[in-house]
Number of protein chains: 2
Amino acid sequence: MARTRKNEQDQKVIAVEASQRNAAMTRSRIIHAAEAEFADHGFDGVSVRRIAQRADVPVALINYHFGGKEGLYRAIFEMRAPMIVDQRIAGLRFAEMEPDQERKVEMIVKAVLVPNLHMRSTEKSSSYARILAREVSDPKSHQRGVIQEFFDPIAYKVMEALQKALPDRSVEEINWGYQAILGVMVYTMADTGRISRLSDGRCDPEDEMATATYLVALMKAALLHARAAGGGAGQRHKHSTGGER
Amino acid sequence: MARTRKNEQDQKVIAVEASQRNAAMTRSRIIHAAEAEFADHGFDGVSVRRIAQRADVPVALINYHFGGKEGLYRAIFEMRAPMIVDQRIAGLRFAEMEPDQERKVEMIVKAVLVPNLHMRSTEKSSSYARILAREVSDPKSHQRGVIQEFFDPIAYKVMEALQKALPDRSVEEINWGYQAILGVMVYTMADTGRISRLSDGRCDPEDEMATATYLVALMKAALLHARAAGGGAGQRHKHSTGGER
DNA sequence: AAAATTCTTGTCAACTTGTTCAATTGCCGC
DNA sequence: GCGGCAATTGAACAAGTTGACAAGAATTTT
């Protein structure tokens with residue numbers, strides 16, 4: 001957090017060109033500009049020059065503060081990720097205390113979905129949601145290692161909680177269940193208007209409340225009622241139903 | 001002299017196919033090179049020069065045949081999309097004839113998932129799956145309009161089938177259900193190794209059969225058993241989607 | 001007050017980018 | 001044969017890219 005002696009809010013607009021000499025604030029302004037640009041055009045689609053222009057700083061400042069384009073990119077995650085992770089952990093702790101199985105699963109699903117959905121509908125950080133969505137569908141993300149570094153730990157925690165809530169499920173079922181939740185979440189977060197278009201405006205990811213309600217209901221049902229093959233959790237010969245193709 | 005004529009014909013075919021003077025063939029080579037590159041680095045992450053180099057053709061040829069980078073990008077979809085759409089339509093026709101509700105829903109889910117999952121595991125066209133995954137999480141996709149043009153029609157068909165199979169569901173429930181299927185599918189298709197890493201190798205998107213089994217089971221359960229909480233999910237205005245800053 | 005440090009800035013050069021151009025090649029019907 | 005035509009080529013273009021530098025301003029330390 002920026003620790004300025006003076007009130008930062010007051011100065012934010014006033015002294016842009018004048019004599020605002022504050023590293024932390026400049027950094028912040030750059031990061032926010034970068035966040036918006038990266039969200040709109042992707043890592044490769046945006047130039048540091050445009051970020052600099054948007055942040056109203058000279059280009060060289062970006063290299064000075066973040067040591068390059070990728071450093072700036074990582075800085076965004078370093079700023080935002082803890083926010084989400086903490087909220088998820090809190091949600092999981094909540095779920096742990098719930099005795100009823102059905103509600104417990106629901107709370108776990110909520111713990112994963114709600115922080116991100118909320119973030120998306122918050123104007124200020126909605127860009128970050130889209131960056132996140134991009135990152136998971138980019139092979140380079142592995143190279144950058146951002147997801148792994150920031151989100152793998154919480155992923156294990158969630159799956160552990162799921163396994164505890166659904167003890168009769170196999171490891172595979174738990175894993176695929178978690179991946180499904182994530183997929184739905186990411187797809188919704190990344191949405192660029194298609195959901196609203198297809199539903200003729202009836203479904204709107206911006207409406208955090210409604211979206212969360214429907215998605216939680218879906219994934220809760222998926223986790224509670226899905227059986228991989230036939231009846232038991234065992235791996236019988238699967239795929240006996242009609243063969244298309 | 002039938003024989004001579006046949007020989008001539010044969011030689012002509014061979015010559016045409018071997019010669020670099022074959023528009024269709026060079027087009028194809030360019031498209032395939034582009035597909036691989038776009039999948040790995042995204043639309044903005046790759047230069048036409050690299051594509052040209054990979055296809056072993058001069059750069060100018062790309063612009064000649066496809067009228068630019070974006071034209072080339074669209075050409076990929078024009079080649080691949082019909083394949084998937086047709087398979088889905090076939091799957092839906094299958095589902096339509098199924099009397100049992102539960103099996104019907106399962107078949108619809110399969111009709112959506114299987115063509116894409118199969119494509120992903122096919123080596124030759126696995127790149128396209130990743131391109132598709134990128135496209136849906138790119139705001140520019142709206143600008144390009146590729147998804148809308150090629151996949152919106154089949155989306156309506158699927159939702160129609162879902163509505164018919166689950167008549168008591170609201171339009172919103174059907175829409176979110178479909179979005180969920182798509183989200184899970186896209187996330188799985190786009191996966192860059194995280195699923196396998198998190199599951200310690202137990203879950204592998206490359207394994208088309210197992211993946212389809214688990215995902216179909218999940219989404220089938222989601223559609224069949226999900227009920228929006230209490231029934232009153234229709235919270236109208238919650239957040240004003242007003243001014244940005 | 002002077003010096004040292006941190007932060008900011010304009011400018012620069014080497015390099016890519018997507019696209020266009022004029023010229024060339026091979027194939028066809030005349 | 002010989003133009004007409006589509007396909008191909010290498011070169012050139014203008015615009016934009018990144019990262020670096022040294023010099024200047026602000027802040028802190030001496």
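Numbered from 1 within each chain, the chains take letters A, B, ... in sequence-line order.
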All salt bridge (Lys or Arg N to Asp or Glu O under 4.0 Å) counterparts of A:R88, not counting sequence neighbours = none

message = Could you tell me how far apart B:N22 (CG) and C:dG26 (C1') are, to the nearest whole angstrom?
response = 12 Å

inquiry  = Does anything in residues 41-49 of chain B come within less than 4.0 Å of DNA chain C? Heavy atoms only, and list the residues if so.
reply    = B:V46, B:S47, B:V48, B:R49

key: Gap between atoms CG and P, on B:L72 and C:dT17 respectively (whole Å)   = 15 Å

Separation of atom CD1 in B:I51 from atom P in C:dT19, rounded to whole Å = 11 Å

query = Of the residues in residues 57-67 of chain B, which ones touch DNA chain D at a heavy-atom distance under 4.0 Å?
reply = B:P58, B:A60, B:L61, B:Y64, B:H65

key: Terminal axes of the helix from C:dA1-D:dT30 to C:dC30-D:dG1 (five pairs each): angle between them, nearest 10 degrees   = 10°

key: Results of salt bridge (Lys or Arg N to Asp or Glu O under 4.0 Å) for B:K69 - residues two or more places apart only   = none

inquiry  = Tell me the interatomic distance from A:K69, atom NZ, to D:dG16, atom P, rounded to whole angstroms.
reply    = 16 Å

ask   = With respect to the phosphate group of C:dC7, does any side-chain polar atom (N or O) of A:T26 fall under 4.0 Å of OP1 or OP2?
value = no

request  = In whole angstrom, give the distance that lies between atom CD1 of B:I30 and atom P of C:dT19.
outcome  = 14 Å

request  = Using ring-ring contact (aromatic ring centres under 6.0 Å, His included) as the criterion, list what pairs up with A:F77, not counting sequence neighbours.
outcome  = A:Y73, A:Y128

query = Atom CD of A:E37 to atom P of D:dT17: distance rounded to whole Å?
reply = 11 Å

remark   = Taken to the nearest whole Å, CE/A:M25 to P/C:dT8 is 11 Å

message = How close do B:A222 and A:L218 get, counting heavy atoms only, and between which atoms?
response = CB-O, 3.3 Å

inquiry  = Rounded to whole Å, how long is the line connecting atom CD of B:Q53 with atom P of C:dT16?
reply    = 11 Å

request  = Please name all residues satisfying side chain to side chain contact (heavy atoms under 4.5 Å, CB included) with B:A60, sequence neighbours left out, ordered by chain then number.
outcome  = none

ask   = Got a sec, which residues hit side chain to side chain contact (heavy atoms under 4.5 Å, CB included) with A:S28, two or more places apart in sequence or on another chain?
value = A:H32

query = With B:R27, which residues qualify under side chain to side chain contact (heavy atoms under 4.5 Å, CB included), at least two apart?
reply = B:H65, B:F66

remark   = Sorted by chain and residue number, the side chain to side chain contact (heavy atoms under 4.5 Å, CB included) partners of A:E78 (sequence neighbours excluded) come out as A:R74, A:F150

task = Apply the side-chain contact (heavy atoms from CB on, under 4.5 Å) test between A:V158 and each candidate in A:V112, A:I181, A:L182; give the one that qualifies.
result = A:V112

Acceptor/donor pairs from residues 34-42 of chain B side chains to any protein atom, 3.5 angstrom cut, sequence neighbours excluded:
{"unit_1": "B:E35", "atom_1": "OE1", "unit_2": "B:R80", "atom_2": "NH2", "d": "3.0"}
{"unit_1": "B:E35", "atom_1": "OE2", "unit_2": "B:R80", "atom_2": "NE", "d": "2.6"}
{"unit_1": "B:E35", "atom_1": "OE2", "unit_2": "B:R80", "atom_2": "NH2", "d": "3.4"}
{"unit_1": "B:E37", "atom_1": "OE1", "unit_2": "B:H41", "atom_2": "ND1", "d": "3.3"}
{"unit_1": "B:E37", "atom_1": "OE1", "unit_2": "B:R50", "atom_2": "NE", "d": "3.3"}
{"unit_1": "B:E37", "atom_1": "OE2", "unit_2": "B:R54", "atom_2": "NH1", "d": "2.7"}
{"unit_1": "B:D40", "atom_1": "OD1", "unit_2": "B:R130", "atom_2": "NH1", "d": "2.7"}
{"unit_1": "B:H41", "atom_1": "ND1", "unit_2": "B:E37", "atom_2": "O", "d": "3.4"}
{"unit_1": "B:H41", "atom_1": "ND1", "unit_2": "B:R50", "atom_2": "NH2", "d": "3.0"}
{"unit_1": "B:H41", "atom_1": "NE2", "unit_2": "B:R50", "atom_2": "NH2", "d": "3.4"}

inquiry  = Among residues at least two apart in sequence or on other chains, which ones pass salt bridge (Lys or Arg N to Asp or Glu O under 4.0 Å) with B:D138?
reply    = A:R134, B:R144

